[in-house]
Amino acid sequence: MKTQKRIEISLIVLTALTLAASLLLTFTVSDYYIFNRISFLDGEDSFNIFFVLSQWIKKAGLLLFPLAVFYKKRCCADIAKYVLPAFVIISCATFGNFFDITMLTENATPAEKVFASINEFMTKPANMALFFINSALYIAVCALLFVRDGWRVNKKSFIWLPFALVAVMPLNIFENFFDINDFSPAHPLWFKNFTVWHFLALAMLAGFTIGCYYFLRKKGRAAQNEFLAAGAIILLIQYHSKDSVVMGDGYNVYYTVLACLPLFICNIGVYMASISVILKKRVLYAIAFFVHAVGALTVFVYFGKDEMSNYGIFCSYSILYFCLTHCLLFALSVLPTALGHFKFRIKDCIIPLAYYCGVIIVAAIASGLVTSFLTTYSYDGYTLTVGEGAGFDMAPPNYAFTQVCPLPVTLPVVPLTIWKCQLNVLYLVLLYIAYVCLFWAFTGAYYAFLPIRKAVLARLAAGKAGKEVPAVPIALTPPTADSALEETAAAEEADEEKA
């Protein structure tokens, strides 16, 4: 018994260290830089397909390990211990010029050299050491899984391997088939507001969330929790892919690692929604449902002024990353409520309202400090210029939209100076009020939906029992918190009867 406990503790510690080391490695240029530069032989700016494939499979390990160790999923343990070691060894033997990637080249512009000097804070020896330490941790976790579970394996476990690989697919891998520089905003494949690609993204958001609900609703609570946790892990893996992409090829209008600070409202939502389904805490559920579901939804409805964004064509990394992470964020924010794990009440909005106020304040201060730092930082005698439009080296950080309004409106300025950056206090107050109104509109839609759901479920239950049920009137006035709870409880009872 003591030996088994020690094995479990060792697995938890080593898995946590593996995840931490992998997270640190995303803050290197090389980590995701390789996936859109695949060849069968190493080249000056290309990477051997066997090394790239092994790195992709290692990314799948970041999904398999937590599910195998923390959720005791035997299928994930089987895949990890029999598949990962071979590819870890291949990656250690075929890395080629992986550690030599740098943006500090002779052909780089002065601005690109400044970006690189900020981004490449991890030296080559440190990168190499962390890479091989992480590889050793992979092998150690796999070895302990053999010790814990033995050599026997269920062949059906490997059915899940393709799903794991698709879930953690490096989204810039499609850029092997086209050159993003061949496309301009005038091209029909370019993603903009209210184009066919925009409407397809909206349809994908709705279809993905509804599909997840119907897939999970007939499963037991334990299975639902496991799938939601898997979704959270996938979201975190894909979210942190942006770290390396920003530092290498750039993401959207951002080119420095400072853009990876989780101070955009949806970036914070990634952590809140993920932690909420893992820890299953009421306050986290409330924040995710009340604040971040709306945040993810609004950017799908309107992506902001065209000059604020540079998404590229519909299958470029920027748009695929944006759509996937925001679909997962929205689904993880609303599914716990839809599945009955959490009943939102009016009083649950108090902490989310204070939380969002804190987000605006912190994001505004950080925007001012980072902008000021960037406009004072020099490399090789060159200092960046930060601002909107042409003629600037990069856009301002604009955390949580605190610097640049996404709407084409002009407001009077009530100045607030933070170091060398001037913010508009009036705009910040209106930004907070506008989002709070959106939060309440979304919550109102939720409460309006409850009586409709009750009526539909009652009819379904009656049809199943072969009884005639009178029509349930739908109140035109907003329901109270108590009545909403009663209706939700009744709906859940009907769901249980049906099951």
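The distance between the ring centers of Phe322 and Phe303 falls below 6.0 angstrom. Taking the ring centroids of Phe330 and Phe300, they lie at or beyond the 6.0 Å cut-off. Taking the centre of each ring, His292 and Tyr355 come in below the 6.0 Å mark. Note: Phe215 and Phe227 meet the aromatic proximity criterion, with ring centroids under 6.0 Å apart. The six-membered or imidazole ring of His341 lies away from that of Tyr285, with a centre-to-centre distance of 6.0 Å or more. For Tyr356 and Phe439, the gap between ring centers is short of 6.0 Å. Ring to ring, Tyr254 and Phe264 are close: their centroids are under 6.0 angstrom apart.
At least one side-chain heavy atom of Leu216 sits less than 4.5 Å from a side-chain heavy atom of Leu228. Within the 4.5 Å cutoff, side-chain heavy atoms of Ser30 are placed close to those of Asn127. For the pair Pro262/Val270, no side-chain contact is recorded, criterion being any heavy-atom separation below 4.5 Å from C-beta on.
No more than 12 heavy-atom neighbours from other residues, nucleotides or ligands sit within 6.0 angstrom of CZ on Phe163. More than 12 non-hydrogen atoms from other residues, nucleotides or ligands lie less than 6.0 angstrom from CZ of Phe199. Counting heavy-atom neighbours within 6.0 Å of Lys281 NZ, excluding the residue itself, gives a total of 12 or less.
Under the 3.5 Å distance criterion, the side-chain polar atoms of Arg74 are left unmatched by any main-chain donor or acceptor of Val153. Under a 3.5 Å cut-off, the side chain of Thr28 and the backbone N or O of Leu25 do form a donor-acceptor pair. Checked by atom type and distance alone, the side chain of Asn225 never pairs as donor or acceptor with a backbone atom of Ala222 at under 3.5 Å. Between the Tyr32 side chain and the Gly248 main chain, no donor and acceptor come within less than 3.5 Å of each other. Between the side chain of Trp56 and the backbone N or O of Pro170, no donor-acceptor pair lies under 3.5 Å. Not a single donor-acceptor pair under 3.5 Å links the side chain of Asp31 to the backbone N or O of Leu24. At distances below 3.5 Å, at least one donor-acceptor pair connects side-chain atoms of Glu120 with backbone N or O atoms of Met103. Checking side-chain atoms of Asn134 against main-chain N and O of Phe131 turns up no donor-acceptor pair under 3.5 Å. Judged purely by atom type and a 3.5 angstrom limit, Asn176 uses its side chain to pair as donor or acceptor with the backbone of Ile38. Side-chain atoms of Gln224 come within 3.5 Å of backbone atoms of Lys219 as a donor-acceptor pair (strictly under, hydrogens ignored).
Closest approach of Pro397 to Val370, counting heavy atoms only: CG-CG1, 3.6 Å. Of all heavy-atom pairs between Ala230 and Leu67, the closest is CB-CD1, 4.1 Å. Residues Leu145 and Ala80 come closest through the heavy atom pair CD1-CB, 4.0 Å. Annotation for Ile79 and Phe158: closest pair CA-CE2, 4.0 Å, computed over non-hydrogen atoms.
Identified under the ring pair (Phe, Tyr, Trp, His ring centres under 6.0 Å) test for residues 59-85, with sequence neighbours left out: Phe65-Tyr138, Tyr82-Phe146.
Tested against Ile12 for a side-chain contact (heavy atoms from CB on, under 4.5 Å), the candidates Ile7, Leu17, Val69 yield a single pass: Val69.
Note that OG1 of Thr402 and CD1 of Ile365 are 10.0 Å apart. Values are rounded to the nearest 0.5 Å. Rounding to the nearest 0.5 Å places CH2 of Trp190 at 9.5 Å from CZ of Phe183. Taking OG1 of Thr256 as the reference point, atom CZ of Phe115 lies at 7.5 Å (rounded to 0.5 Å). Note: Gln238 CD to Leu63 CG = 10.5 Å, rounded to the nearest 0.5 Å. In this structure, Tyr213 OH and Leu339 CG are separated by 6.5 Å, a value rounded to the nearest 0.5 Å.
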* To do: Show your reasoning for whether side-chain contact (heavy atoms from CB on, under 4.5 Å) applies to Trp197 and Ile319.
  => CA-CA 10 Å; Trp197 307 116; Ile319 189 60; over 6 Å; no
* **Criterion side-chain contact (heavy atoms from CB on, under 4.5 Å) on Cys357 and Tyr432, from CA distance to verdict** => CA-CA 7 Å; Cys357 180; Tyr432 178 77; 3.7 Å; yes
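When only modelled atom types and interatomic distance are considered, Tyr317 and Ser241 share a side-chain donor-acceptor pair under 3.5 Å. Between the side chains of Asp78 and Ser157, at least one donor-acceptor pair of N or O atoms lies under 3.5 Å.
Classification of the Tyr446-Phe344 ring pair by plane angle, with boundaries at 30° and 60°, yields perpendicular. Classified by interplanar angle (parallel below 30°, tilted 30° to 60°, perpendicular above 60°), the ring pair Phe289/Phe342 is perpendicular.
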